[in-house]
Amino acid sequence: MFAKPTIEASQALLHDLPRWLAAHKRDLPMRRDDVTDWGTLVFEIMSQQTPLSRVQPIWIDWMKHWPTPCDLAAASSADIIVAWANLGYPSRALRLKACAATIVAKHDGQVPLTMKELTLLPGVGTYTASALLAFRHRVRIPVLDTNIRRVLVRFLDGREFPPRSTPSKKETARAGELLPQDGRHAADVSLAMMEFGALVCTQLAPSCTGCMMRANCAWANSGFPKDQKRPTSQPYAGTDRQARGRIMKALRTAHFEGKNGLTKRRVLDAARIDGGDRYQPSRVYRALLKEGMIVYDEERKRVTLPR
DNA sequence: TACTCGTGGTG
DNA sequence: TCACCAAGAGT
(Lines give C-alpha, C1' and ligand atoms only; values in the text may rest on other atoms or scores of the structure.)
Protein backbone atom coordinates (compact mmCIF):
# COMPACT_ATOMS: atom_id res chain seq x y z
CA MET A 1 0.00 0.00 0.00
CA PHE A 2 2.64 2.54 1.08
CA ALA A 3 5.77 2.11 -1.01
CA LYS A 4 9.27 2.87 0.24
CA PRO A 5 11.19 5.39 -1.84
CA THR A 6 13.83 4.21 -4.29
CA ILE A 7 17.31 5.71 -4.04
CA GLU A 8 16.43 8.22 -6.75
CA ALA A 9 13.07 9.11 -5.20
CA SER A 10 14.69 9.49 -1.79
CA GLN A 11 17.27 11.81 -3.27
CA ALA A 12 14.53 13.95 -4.80
CA LEU A 13 12.57 14.17 -1.55
CA LEU A 14 15.50 14.74 0.79
CA HIS A 15 17.65 17.03 -1.35
CA ASP A 16 15.83 18.46 -4.35
CA LEU A 17 12.72 19.54 -2.46
CA PRO A 18 14.55 21.38 0.35
CA ARG A 19 16.66 23.09 -2.30
CA TRP A 20 13.47 24.09 -4.11
CA LEU A 21 12.09 25.43 -0.84
CA ALA A 22 15.15 27.57 -0.24
CA ALA A 23 14.53 29.23 -3.59
CA HIS A 24 10.81 29.75 -3.04
CA LYS A 25 10.62 30.36 0.69
CA ARG A 26 8.41 33.25 1.73
CA ASP A 27 9.48 35.44 4.62
CA LEU A 28 6.54 34.79 6.90
CA PRO A 29 6.62 36.50 10.32
CA MET A 30 5.13 33.34 11.85
CA ARG A 31 8.21 31.37 10.84
CA ARG A 32 10.86 33.68 12.19
CA ASP A 33 13.26 32.25 14.74
CA ASP A 34 12.27 34.68 17.49
CA VAL A 35 8.65 33.43 17.54
CA THR A 36 7.85 31.75 20.85
CA ASP A 37 6.42 28.25 21.29
CA TRP A 38 3.10 29.87 22.12
CA GLY A 39 3.22 32.04 19.03
CA THR A 40 3.89 28.97 16.92
CA LEU A 41 1.04 27.07 18.57
CA VAL A 42 -1.37 29.97 17.97
CA PHE A 43 -0.26 30.09 14.35
CA GLU A 44 -0.73 26.37 13.79
CA ILE A 45 -4.21 26.39 15.33
CA MET A 46 -5.23 29.41 13.26
CA SER A 47 -3.92 27.64 10.16
CA GLN A 48 -6.16 24.60 10.54
CA GLN A 49 -8.22 24.50 7.33
CA THR A 50 -7.46 28.16 6.75
CA PRO A 51 -5.38 29.92 4.06
CA LEU A 52 -2.16 31.48 5.33
CA SER A 53 -2.96 34.77 3.63
CA ARG A 54 -5.92 35.15 5.94
CA VAL A 55 -4.04 33.99 9.04
CA GLN A 56 -1.01 36.27 8.78
CA PRO A 57 -2.52 39.71 9.58
CA ILE A 58 -4.72 38.33 12.34
CA TRP A 59 -1.86 36.38 13.92
CA ILE A 60 0.32 39.53 14.01
CA ASP A 61 -2.41 41.57 15.69
CA TRP A 62 -3.30 38.70 18.01
CA MET A 63 0.24 38.25 19.33
CA LYS A 64 0.49 41.97 20.10
CA HIS A 65 -2.66 41.78 22.25
CA TRP A 66 -2.03 38.41 23.88
CA PRO A 67 1.67 37.48 23.66
CA THR A 68 1.56 34.69 26.27
CA PRO A 69 -0.82 31.90 27.37
CA CYS A 70 -1.38 33.86 30.58
CA ASP A 71 -2.55 36.90 28.62
CA LEU A 72 -5.00 34.92 26.52
CA ALA A 73 -6.32 32.90 29.47
CA ALA A 74 -7.23 36.16 31.19
CA ALA A 75 -8.86 37.75 28.13
CA SER A 76 -12.58 38.08 27.46
CA SER A 77 -14.05 35.34 25.27
CA ALA A 78 -16.03 37.99 23.40
CA ASP A 79 -12.88 39.94 22.58
CA ILE A 80 -11.21 36.73 21.48
CA ILE A 81 -14.07 35.79 19.15
CA VAL A 82 -14.12 39.29 17.66
CA ALA A 83 -10.34 39.21 17.12
CA TRP A 84 -10.75 35.81 15.45
CA ALA A 85 -12.76 37.76 12.88
CA ASN A 86 -13.19 35.95 9.57
CA LEU A 87 -10.82 33.04 10.19
CA GLY A 88 -13.76 30.65 10.28
CA TYR A 89 -14.60 27.81 12.67
CA PRO A 90 -14.85 30.21 15.63
CA SER A 91 -15.01 27.31 18.08
CA ARG A 92 -11.26 27.16 17.51
CA ALA A 93 -10.99 30.58 19.17
CA LEU A 94 -12.62 29.27 22.33
CA ARG A 95 -10.50 26.13 22.23
CA LEU A 96 -7.40 28.31 21.94
CA LYS A 97 -8.42 30.15 25.11
CA ALA A 98 -9.06 26.82 26.84
CA CYS A 99 -5.65 25.70 25.60
CA ALA A 100 -4.05 28.78 27.15
CA ALA A 101 -5.89 28.18 30.43
CA THR A 102 -4.70 24.57 30.53
CA ILE A 103 -1.10 25.62 29.89
CA VAL A 104 -1.32 28.14 32.74
CA ALA A 105 -3.03 25.70 35.12
CA LYS A 106 -1.10 22.52 34.39
CA HIS A 107 2.18 23.58 32.82
CA ASP A 108 3.11 26.70 34.74
CA GLY A 109 2.45 28.88 31.72
CA GLN A 110 4.98 27.08 29.53
CA VAL A 111 3.97 25.23 26.37
CA PRO A 112 4.70 21.51 27.00
CA LEU A 113 6.95 19.83 24.47
CA THR A 114 5.91 16.19 24.34
CA MET A 115 3.40 14.70 21.92
CA LYS A 116 1.37 13.28 24.79
CA GLU A 117 1.06 16.55 26.70
CA LEU A 118 0.52 18.63 23.57
CA THR A 119 -2.29 16.48 22.18
CA LEU A 120 -4.05 16.65 25.54
CA LEU A 121 -4.40 20.42 25.06
CA PRO A 122 -7.75 21.66 23.68
CA GLY A 123 -7.57 22.27 19.93
CA VAL A 124 -4.24 20.49 19.56
CA GLY A 125 -4.27 17.25 17.59
CA THR A 126 -1.58 15.07 16.06
CA TYR A 127 -0.81 17.47 13.23
CA THR A 128 -0.54 20.61 15.33
CA ALA A 129 1.60 18.93 17.99
CA SER A 130 4.01 17.43 15.46
CA ALA A 131 4.22 20.69 13.51
CA LEU A 132 5.27 22.57 16.67
CA LEU A 133 7.88 19.96 17.60
CA ALA A 134 9.25 19.67 14.06
CA PHE A 135 9.20 23.25 12.81
CA ARG A 136 9.97 25.05 16.04
CA HIS A 137 12.20 22.52 17.83
CA ARG A 138 13.58 20.47 14.95
CA VAL A 139 12.43 17.18 16.42
CA ARG A 140 12.62 14.33 13.90
CA ILE A 141 8.94 13.46 13.69
CA PRO A 142 6.59 12.94 10.73
CA VAL A 143 4.27 15.86 10.01
CA LEU A 144 1.24 14.67 8.07
CA ASP A 145 -0.88 17.53 6.89
CA THR A 146 -3.09 17.31 3.80
CA ASN A 147 -0.33 18.65 1.52
CA ILE A 148 2.40 16.27 2.64
CA ARG A 149 0.07 13.28 2.49
CA ARG A 150 -0.95 14.16 -1.06
CA VAL A 151 2.65 14.70 -2.20
CA LEU A 152 3.79 11.38 -0.74
CA VAL A 153 0.99 9.20 -2.13
CA ARG A 154 1.36 10.74 -5.58
CA PHE A 155 5.13 10.64 -5.68
CA LEU A 156 5.65 7.24 -4.06
CA ASP A 157 2.41 5.30 -4.48
CA GLY A 158 1.11 6.61 -7.80
CA ARG A 159 -2.24 7.61 -6.36
CA GLU A 160 -4.08 10.87 -6.81
CA PHE A 161 -5.23 11.19 -3.20
CA PRO A 162 -4.57 9.54 0.18
CA PRO A 163 -6.80 6.49 0.77
CA ARG A 164 -8.32 7.71 4.06
CA SER A 165 -9.36 11.03 5.50
CA THR A 166 -6.98 10.54 8.43
CA PRO A 167 -3.51 8.96 8.25
CA SER A 168 -3.23 5.31 9.27
CA LYS A 169 -0.39 3.96 11.40
CA LYS A 170 1.27 2.52 8.31
CA GLU A 171 1.09 5.83 6.47
CA THR A 172 2.55 7.64 9.48
CA ALA A 173 5.29 5.03 9.86
CA ARG A 174 6.30 5.30 6.20
CA ALA A 175 6.45 9.07 6.44
CA GLY A 176 8.64 8.78 9.53
CA GLU A 177 11.03 6.25 8.01
CA LEU A 178 11.83 8.31 4.96
CA LEU A 179 12.87 11.38 6.96
CA PRO A 180 16.60 12.05 7.26
CA GLN A 181 18.13 11.22 10.65
CA ASP A 182 19.02 14.80 11.50
CA GLY A 183 16.07 16.63 13.01
CA ARG A 184 16.85 19.96 11.42
CA HIS A 185 17.13 18.40 7.99
CA ALA A 186 13.94 16.39 8.62
CA ALA A 187 12.01 19.55 9.43
CA ASP A 188 13.29 21.18 6.24
CA VAL A 189 12.07 18.19 4.25
CA SER A 190 8.64 18.31 5.87
CA LEU A 191 8.30 22.03 5.31
CA ALA A 192 9.44 21.64 1.71
CA MET A 193 6.88 18.89 1.06
CA MET A 194 4.15 20.99 2.65
CA GLU A 195 4.98 24.07 0.59
CA PHE A 196 5.42 22.00 -2.56
CA GLY A 197 1.98 20.48 -2.06
CA ALA A 198 0.46 23.90 -1.50
CA LEU A 199 2.09 25.57 -4.51
CA VAL A 200 2.85 22.87 -7.10
CA CYS A 201 1.38 19.45 -6.32
CA THR A 202 -2.03 20.92 -5.52
CA GLN A 203 -5.31 19.13 -4.95
CA LEU A 204 -7.24 20.32 -7.96
CA ALA A 205 -4.82 21.43 -10.66
CA PRO A 206 -1.23 20.27 -10.00
CA SER A 207 1.48 21.88 -12.14
CA CYS A 208 2.82 18.62 -13.54
CA THR A 209 4.11 20.16 -16.75
CA GLY A 210 7.74 20.91 -16.11
CA CYS A 211 7.56 19.64 -12.51
CA MET A 212 11.04 19.05 -11.10
CA MET A 213 9.86 15.85 -9.38
CA ARG A 214 8.28 14.33 -12.48
CA ALA A 215 11.05 11.91 -13.47
CA ASN A 216 10.64 9.93 -10.25
CA CYS A 217 6.96 10.57 -9.64
CA ALA A 218 5.00 7.30 -9.48
CA TRP A 219 1.76 9.09 -10.29
CA ALA A 220 3.22 10.67 -13.43
CA ASN A 221 4.92 7.44 -14.47
CA SER A 222 1.64 5.54 -14.26
CA GLY A 223 -0.21 8.09 -16.38
CA PHE A 224 -1.86 10.26 -13.68
CA PRO A 225 -4.66 7.81 -12.82
CA LYS A 226 -7.71 9.58 -11.42
CA ASP A 227 -8.95 8.42 -8.05
CA GLN A 228 -12.40 6.89 -8.09
CA LYS A 229 -13.61 8.52 -4.92
CA ARG A 230 -12.46 12.08 -4.55
CA PRO A 231 -12.32 13.68 -1.11
CA THR A 232 -15.89 14.45 -0.07
CA SER A 233 -16.62 18.10 -0.66
CA GLN A 234 -18.95 19.73 1.80
CA PRO A 235 -21.91 21.79 0.64
CA TYR A 236 -22.34 25.08 2.42
CA ALA A 237 -25.25 27.12 1.10
CA GLY A 238 -28.35 26.54 3.20
CA THR A 239 -26.55 24.49 5.86
CA ASP A 240 -26.52 24.95 9.61
CA ARG A 241 -22.92 26.09 9.29
CA GLN A 242 -23.96 29.03 7.16
CA ALA A 243 -26.77 29.93 9.56
CA ARG A 244 -24.37 29.69 12.52
CA GLY A 245 -21.94 31.88 10.65
CA ARG A 246 -24.60 34.52 10.20
CA ILE A 247 -25.39 34.58 13.91
CA MET A 248 -21.75 34.80 14.92
CA LYS A 249 -21.05 37.55 12.42
CA ALA A 250 -24.01 39.58 13.68
CA LEU A 251 -22.81 39.23 17.28
CA ARG A 252 -19.19 39.99 16.41
CA THR A 253 -20.29 43.17 14.68
CA ALA A 254 -22.52 44.19 17.60
CA HIS A 255 -19.73 43.58 20.12
CA PHE A 256 -17.20 45.43 17.97
CA GLU A 257 -19.54 48.43 17.76
CA GLY A 258 -19.89 48.47 21.53
CA LYS A 259 -23.50 47.35 21.58
CA ASN A 260 -24.74 45.18 24.39
CA GLY A 261 -25.63 42.18 22.25
CA LEU A 262 -28.79 41.71 20.21
CA THR A 263 -32.36 40.69 20.94
CA LYS A 264 -33.17 37.03 20.45
CA ARG A 265 -35.45 38.05 17.62
CA ARG A 266 -32.62 39.80 15.78
CA VAL A 267 -30.40 36.78 16.26
CA LEU A 268 -32.99 34.37 14.88
CA ASP A 269 -33.59 36.71 11.94
CA ALA A 270 -29.87 36.69 11.20
CA ALA A 271 -30.01 32.89 11.00
CA ARG A 272 -32.68 32.85 8.30
CA ILE A 273 -30.99 31.94 5.03
CA ASP A 274 -32.02 30.75 1.60
CA GLY A 275 -32.30 26.99 1.49
CA GLY A 276 -32.68 26.54 5.24
CA ASP A 277 -35.63 24.76 6.84
CA ARG A 278 -38.10 26.52 9.16
CA TYR A 279 -36.55 25.02 12.30
CA GLN A 280 -33.00 25.96 11.36
CA PRO A 281 -32.76 29.33 13.16
CA SER A 282 -33.89 28.00 16.55
CA ARG A 283 -31.93 24.78 16.08
CA VAL A 284 -28.60 26.50 15.46
CA TYR A 285 -29.35 29.11 18.14
CA ARG A 286 -29.80 26.38 20.74
CA ALA A 287 -26.68 24.60 19.52
CA LEU A 288 -24.57 27.73 19.86
CA LEU A 289 -25.91 28.31 23.38
CA LYS A 290 -25.10 24.74 24.34
CA GLU A 291 -21.58 25.02 22.96
CA GLY A 292 -20.95 28.24 24.87
CA MET A 293 -20.39 30.20 21.67
CA ILE A 294 -23.17 32.63 22.64
CA VAL A 295 -24.93 33.56 25.88
CA TYR A 296 -28.46 34.71 26.70
CA ASP A 297 -28.78 37.39 29.38
CA GLU A 298 -32.16 36.78 31.01
CA GLU A 299 -32.32 40.15 32.77
CA ARG A 300 -31.40 42.34 29.83
CA LYS A 301 -33.09 40.09 27.26
CA ARG A 302 -30.02 40.17 25.08
CA VAL A 303 -27.97 37.58 23.27
CA THR A 304 -24.23 38.29 23.55
CA LEU A 305 -20.85 36.72 23.00
CA PRO A 306 -19.60 34.91 26.14
CA ARG A 307 -17.83 37.00 28.74
C1' DT B 1 -15.90 5.84 11.36
C1' DA B 2 -18.30 9.45 9.45
C1' DC B 3 -19.96 13.61 10.33
C1' DT B 4 -19.76 18.41 11.91
C1' DC B 5 -17.55 22.60 12.66
C1' DG B 6 -16.78 29.02 8.62
C1' DT B 7 -15.07 31.92 5.41
C1' DG B 8 -13.73 34.21 1.26
C1' DG B 9 -10.89 33.48 -2.81
C1' DT B 10 -10.65 31.07 -7.28
C1' DG B 11 -10.75 28.73 -12.10
C1' DT C 1 -21.49 31.72 -12.09
C1' DC C 2 -20.60 28.35 -8.62
C1' DA C 3 -18.49 24.12 -7.05
C1' DC C 4 -14.40 23.57 -4.96
C1' DC C 5 -10.82 24.60 -1.97
C1' DA C 6 -7.42 25.89 2.43
C1' DA C 7 -0.99 23.97 7.64
C1' DG C 8 -7.50 19.57 11.29
C1' DA C 9 -9.89 18.65 15.65
C1' DG C 10 -13.71 16.86 18.27
C1' DT C 11 -17.29 13.69 18.84
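Per chain, numbering begins at 1; letters A, B, ... match sequence-line order.
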List in chain and number order the residues that pass side chain to side chain donor-acceptor pair (under 3.5 Å) with A/R307, two or more places apart in sequence or in another chain; answer none if no residue qualifies.
-> none

Do A/R138 and A/D188 meet the salt-bridge criterion of a basic N to acidic O distance under 4.0 Å?
-> yes

Applying side chain to side chain donor-acceptor pair (under 3.5 Å) to A/Q110 and not counting sequence neighbours gives none

Among the nucleotides C/dG10, B/dG6, C/dA7, whichever has the atom closest to the side chain of A/R95 is C/dG10

note: A/L288, atom CG; B/dG6, atom P; distance rounded to Å ~ 7 Å

Give me the residues of residues 179-189 of chain A where at least one heavy atom lies under 4.0 Å from an atom of DNA chain B, by number, or none.
-> none

Return the value, rounded to whole Å, for the distance between atom CE of A/M30 and atom P of C/dA6.
-> 17 Å

Can A/R184 and A/D182 be counted as an ion pair, charged N to O under 4.0 angstrom?
-> no

Calculate the interatomic distance between A/N147 atom CG and C/dA6 atom C1'; express it in whole Å.
-> 8 Å

Counting only side-chain N and O atoms of A/Q49, is one of them less than 4.0 Å from OP1 or OP2 of C/dA6?
-> no

With the threshold set at 4.0 Å, does a side-chain nitrogen-carboxylate oxygen contact exist between A/D157 and A/R174?
-> yes

Expressed in angstrom and rounded to an integer, what is the separation of A/R92 atom CZ from C/dG10 atom P?
-> 12 Å

Could you state the atom-to-atom distance from OH of A/Y89 to P of B/dG6 in whole Å?
-> 8 Å

salt_bridge(A/R266, A/D269) N-O dist < 4.0 Å = no

Hydrophobic cluster (4.5 angstrom, side-chain heavy atoms) - remaining members for A/L288 | A/I81, A/V82, A/L94, A/I247, A/M248, A/L251, A/F256, A/L262, A/V267, A/L268, A/V284, A/Y285, A/L289, A/M293, A/I294, A/Y296, A/V303, A/L305

Which pairs pass ring pair (Phe, Tyr, Trp, His ring centres under 6.0 Å) with one or both residues in residues 118-137 of chain A, sequence neighbours excluded?
-> none

With 3.5 Å as the limit, what N/O pairs link the protein to nucleotides 1-4 of chain B?
| unit_1 | atom_1 | unit_2 | atom_2 | d |
| --- | --- | --- | --- | --- |
| B/dT1 | OP1 | A/R164 | NH1 | 3.3 |

Listing time: all N or O pairs from protein to nucleotides 8-11 of chain B that are below 3.5 Å?
| unit_1 | atom_1 | unit_2 | atom_2 | d |
| --- | --- | --- | --- | --- |
| B/dG8 | O4' | A/R54 | NH2 | 3.2 |

Of all residues at least two apart in sequence or in a different chain, which pass the ring-ring contact (aromatic ring centres under 6.0 Å, His included) check with A/Y236?
-> none

Less than 4.0 Å between a side-chain N and a carboxylate O, is that true for A/E195 and A/R26?
-> yes

Check the distance between C/dC4's P and A/Q203's CD and give it to me in whole angstrom.
-> 11 Å

Using a 4.0 Å heavy-atom cut-off across all strands, classify A/L87 as base, sugar-phosphate, or nothing.
-> base

NA contact type, A/A198, heavy-atom cut-off 4.0 Å: base, sugar-phosphate, or nothing?
-> sugar-phosphate

Spacing of A/I45 atom CD1 relative to C/dG10 atom C1', expressed in whole Å | 13 Å

A/I81 atom CD1 is separated from B/dG6 atom C1', nearest whole Å, by 13 Å

Write out all pairs satisfying ring pair (Phe, Tyr, Trp, His ring centres under 6.0 Å) with one or both partners inside residues 174-227 of chain A, taking only residues at least two apart or from two chains.
-> A/H15-A/H185, A/W20-A/F196, A/W219-A/F224

side-chain contact (heavy atoms from CB on, under 4.5 Å) test vs A/W59 passes for just one of A/L28, A/L52, A/V42, namely A/V42

Residues passing the side chain to side chain donor-acceptor pair (under 3.5 Å) test with A/S77, sequence neighbours excluded, are A/K97

P gap between B/dG9 and C/dA9, integer Å = 25 Å

Choose from C/dA9, C/dA7, B/dC5 the nucleotide whose nearest atom is closest to any side-chain atom of A/R244.
-> B/dC5

Close approaches to DNA chain B from residues 111-144 of chain A, in residue order (heavy atom, under 4.0 Å) = none

Residues pairing under ring pair (Phe, Tyr, Trp, His ring centres under 6.0 Å) where one sits in residues 87-121 of chain A, two or more places apart or in two chains, turn out to be none

For A/S91, answer base if it contacts any base atom (sugar-phosphate contacts may also be present), sugar-phosphate if it contacts only those atoms, and nothing otherwise; contact means non-hydrogen atoms under 4.0 Å.
-> nothing

Base, sugar-phosphate, or nothing: which does A/L52 touch, judged by heavy atoms less than 4.0 Å apart?
-> base

If you measure from the P atom in B/dC3 to the same atom in C/dA7, how many Å do you get, rounded?
-> 23 Å

Do A/S91 and A/E291 have a side chain donor and acceptor closer than 3.5 Å?
-> no

